[in-house]
Amino acid sequence: MSRLIHVTSGPYAPPIARRELVAVSADGARLHVEVHGDEGAPAVVLAHGWTCSTAFWAAQIRALAATHRVVAYDQRGHGRSPAARIHSTTALADDLVAVLEAVLAPGERAVVAGHSMGGMTIMAAAGRPEFAQRAAAALLCSTGSSRLVAEALVLPVRAGRVRTRITGAVLGARAPLGPVTPVGKKVLKYATMGPGSAPDKVEACARIVHACPTGVRHAWSQVLAGLDLDADVARLAVPTAVIGGTADRLTPIVHARGLAAALPNCVGLTELTGMGHMTPVEAPEAVTAALRELAELHLGTTDPSTTDPATTEKEKTP
């Protein structure tokens with residue numbers, strides 16, 4: 001289980017949940033789940049990425065909870081979810097299905113969003129009937145379905161077997177990250193964020209990533225190194241939007257473009273100029289806007305903050 005050392009003030013400090021619960025996965029793994037917003041409000045379910053936690057979605061939770069029921073959960077071994085014996089894309093799919101079943105009422109559907117490994121979680125679950133019954137639409141942020149190590153641009157050298165081998169060794173290193181330091185923040189910014197990322201965004205991401213236990217980070221790096229979910233992308237039939245950063249070194253924009261082309265029901269590709277891998281933190285407004293739009297279109301919600309008061313009054317006039 002991660003040490004909770006996320007930032008405690010500012011827009012990237014995680015809000016206090018309205019309620020918390022534990023979802024139990026198929027193999028008995030226990031998943032920490034947070035629910036924000038009013039019960040009965042349209043549901044948005046958020047799955048974070050490798051080495052992150054529910055704190056990664058703080059900006060989206062803060063922006064959406066007034067009008068939506070926002071559910072965020074810690075992937076196994078991350079945040080407040082205990083480590084488990086099994087690390088696989090099957091386990092990721094099992095976990096997402098368990099969370100959906102735990103938080104949604106009978107017949108209820110949600111917009112499901114995933115960042116990085118969270119997006120891979122959605123792809124892995126795409127063929128599950130439980131997912132098809134529960135997901136009204138999906139958002140894939142800064143993610144890919146295969147060739148993650150081969151396509152990564154963390155090392156500024158020419159593509160090939162040498163770069164792939166070294167990149168795999170770096171991403172799968174067992175060395176502890178240690179406390180957050182100025183040097184550590186520079187390394188994390190280079191590897192995962194756009195060059196123009198503000199210091200508070202870098203600080204927020206560094207604290208979340210450095211809190212992930214070394215063993216958990218390594219175990220999931222091995223799963224990601226061998227990832228092949230291309231066939232699952234073709235099964236993701238719900239309306240799906242894709243977001244990627246043009247300066248993403250971990251999952252370069254080629255992945256987002258490939259997903260948009262391969263999805264059977266892609267409803268839009270957004271390329272965020274100059275943004276890196278941490279798009280929900282680097283470009284929170286863009287990610288939140290995509291979630292609002294999906295909820296409005298596929299859950300029938302309307303955000304009061306985007307309604308023209310004059311138009312509303314006209315609609316009320318007999």
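One is the number of the first residue; the rest follow in order along the sequence.
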| task | Before giving the answer on side-chain contact (heavy atoms from CB on, under 4.5 Å), spell out for Cys205 and Met193 the whole-Å C-alpha distance, their side-chain angles and the decisive distance to 0.1 Å. | result | CA-CA 9 Å; Cys205 288; Met193 305 182 77; 3.9 Å; yes
| message | Apply salt bridge (Lys or Arg N to Asp or Glu O under 4.0 Å) to residues Glu108 and Arg134 and explain how you reach the verdict. | response | CA-CA 7 Å; Glu108 185 181 13; Arg134 292 300 197 176; 5.7 Å; no
| task | Check the pair Val71, Leu104 against side-chain contact (heavy atoms from CB on, under 4.5 Å), reporting the backbone distance first and the verdict last. | result | CA-CA 10 Å; Val71 177; Leu104 299 180; 5.9 Å; no
| message | Set out, in order, the CA-CA distance, both residues' side-chain angles and the distance that settles side-chain contact (heavy atoms from CB on, under 4.5 Å) for Val112 and Leu100, then state yes or no. | response | CA-CA 9 Å; Val112 184; Leu100 294 175; 4.2 Å; yes
| said: For a side-chain contact (heavy atoms from CB on, under 4.5 Å) check, start with the C-alpha distance between Tyr73 and Leu46, then their side-chain angles and the critical distance, and finish with the verdict. | reply: CA-CA 7 Å; Tyr73 72 98; Leu46 306 173; over 6 Å; no
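Looking at Leu236 and Phe131, their side chains come closer than 4.5 Å, going by heavy atoms from C-beta outward. In this structure the side chain of Val70 never reaches within 4.5 angstrom of the side chain of Leu291, judged on heavy atoms. In this structure the side chain of Thr89 never reaches within 4.5 angstrom of the side chain of Met120, judged on heavy atoms. By the 4.5 Å heavy-atom criterion applied to side chains, Arg147 and Leu227 are not counted as neighbours. Using a 4.5 Å heavy-atom cutoff, the side chains of Met275 and Asp248 are not in contact. Under the 4.5 Å side-chain criterion, counting only non-hydrogen atoms from C-beta, Asp74 is not in contact with Val33. Looking at heavy atoms from C-beta onward, Leu92 lies in side-chain contact with Trp220 at the 4.5 angstrom threshold. Taking 4.5 Å as the limit, every side-chain heavy atom of Thr51 sits out of range of all side-chain heavy atoms of Val216.
A salt bridge does not link Glu285 with Arg292: every distance from a Lys NZ or Arg NE/NH1/NH2 to an Asp or Glu carboxylate oxygen is 4.0 Å or more.
For residues 225-236, the set of pairs meeting the side chain to side chain donor-acceptor pair (under 3.5 Å) definition, not counting sequence neighbours, comprises Ser145-Asp230, Ser146-Asp230, Asp232-Arg235. Sorted by first and then second residue, the ring pair (Phe, Tyr, Trp, His ring centres under 6.0 Å) pairs involving residues 15-48 (not counting sequence neighbours) are His48-His78. The list of side chain to side chain donor-acceptor pair (under 3.5 Å) pairs with a residue in residues 114-125, not counting sequence neighbours, reads Gln75-Thr121, Ser116-His277. Sorted by first then second residue, the salt bridge (Lys or Arg N to Asp or Glu O under 4.0 Å) pairs that include residues 6-29, not counting sequence neighbours, are Arg18-Asp38, Arg19-Glu39, Glu20-Arg80, Asp27-Arg76.
In this model, a donor atom of one side chain and an acceptor atom of the other lie less than 3.5 Å apart for Thr279 and Ser142.
Annotation for Ser53 and Gly79: closest pair CB-CA, 3.9 Å, computed over non-hydrogen atoms. Taking both residues in full, the closest heavy atoms of Pro14 and Val7 are given as CD-O, 3.6 Å, listed atom of the first, atom of the second, then distance. Minimum heavy-atom separation, Asp200 to Pro11: OD2-CG, 4.5 Å. In plain terms, the two heavy atoms of Ile243 and Ala290 that are nearest each other are CD1-CB, 3.9 Å. Across Ser25 and Asp95, no two heavy atoms sit closer than the pair OG-OD1, 2.5 Å. Nearest heavy atom pair, residue Pro42 against residue Thr67, reads CD-O, 3.7 Å.
Note that OG1 of Thr270 is 6.5 Å distant from CG of Leu272, once rounded to the nearest 0.5 Å. If you take CG on Asp94 and CD on Glu130, they are separated by 8.5 Å, rounding to the nearest 0.5 Å. For the atom pair OG (Ser221) and CH2 (Trp50), the distance works out to 5.5 Å, reported to the nearest 0.5 Å. From Ile208, atom CD1 reaches atom NE2 of His6 across 8.0 Å, with rounding to the nearest 0.5 Å. The line from CG of Leu263 to CG of Leu140 is 6.0 Å long, rounded to the nearest 0.5 Å. To the nearest 0.5 Å, atoms CG (Leu148) and NE2 (His255) are separated by 5.5 Å.
Placement of Val223 and Ile122 within a single hydrophobic cluster is found when ILVMFWY residues are connected by side-chain heavy-atom separations under 4.5 Å, directly or transitively. Residues Ile86 and Leu31 do not share a hydrophobic cluster, clusters being chains of Ile/Leu/Val/Met/Phe/Trp/Tyr side chains in contact below 4.5 Å. Transitive grouping of hydrophobic side chains (ILVMFWY, heavy atoms separated by less than 4.5 Å) brings Leu96 and Leu224 into a common cluster. Residue Met117 is grouped with residue Val233 when hydrophobic side chains (ILVMFWY) are merged at heavy-atom distances under 4.5 angstrom, including chains of intermediate members.
Side chain of Thr246 to main chain of Gly274: a donor-acceptor pair is present (N/O by atom type, distance under 3.5 Å, no hydrogens or angles). Tyr190 places a side-chain N or O within donor-acceptor distance of the main-chain N or O of Val154, the cut-off being under 3.5 Å. Within the 3.5 Å criterion, the main-chain N or O of Met278 finds a donor-acceptor partner in the side chain of Glu282. Under the 3.5 Å distance criterion, the side-chain polar atoms of Lys189 are left unmatched by any main-chain donor or acceptor of Gly194. A donor-acceptor distance shorter than 3.5 angstrom exists from the side chain of Thr240 to the backbone of Val238, with no hydrogens or angles considered.
Within 6.0 Å of CZ in Arg163 there are more than 12 heavy atoms belonging to other residues, nucleotides or ligands.
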Let me have the donor-acceptor pairs involving side chains of residues 168-186, under 3.5 Å, with sequence neighbours excluded, atom names and distances please.
unit_1, atom_1, unit_2, atom_2, d
Arg174, NH2, His218, NE2, 3.0
Thr181, OG1, Gly184, N, 3.0
Lys185, NZ, Glu203, OE1, 2.7

Acceptor/donor pairs from residues 55-62 side chains to any protein atom, 3.5 angstrom cut, sequence neighbours excluded:
unit_1, atom_1, unit_2, atom_2, d
Gln60, NE2, Pro280, O, 3.1
Gln60, NE2, Pro284, O, 3.3
Arg62, NH2, Ala13, O, 2.2

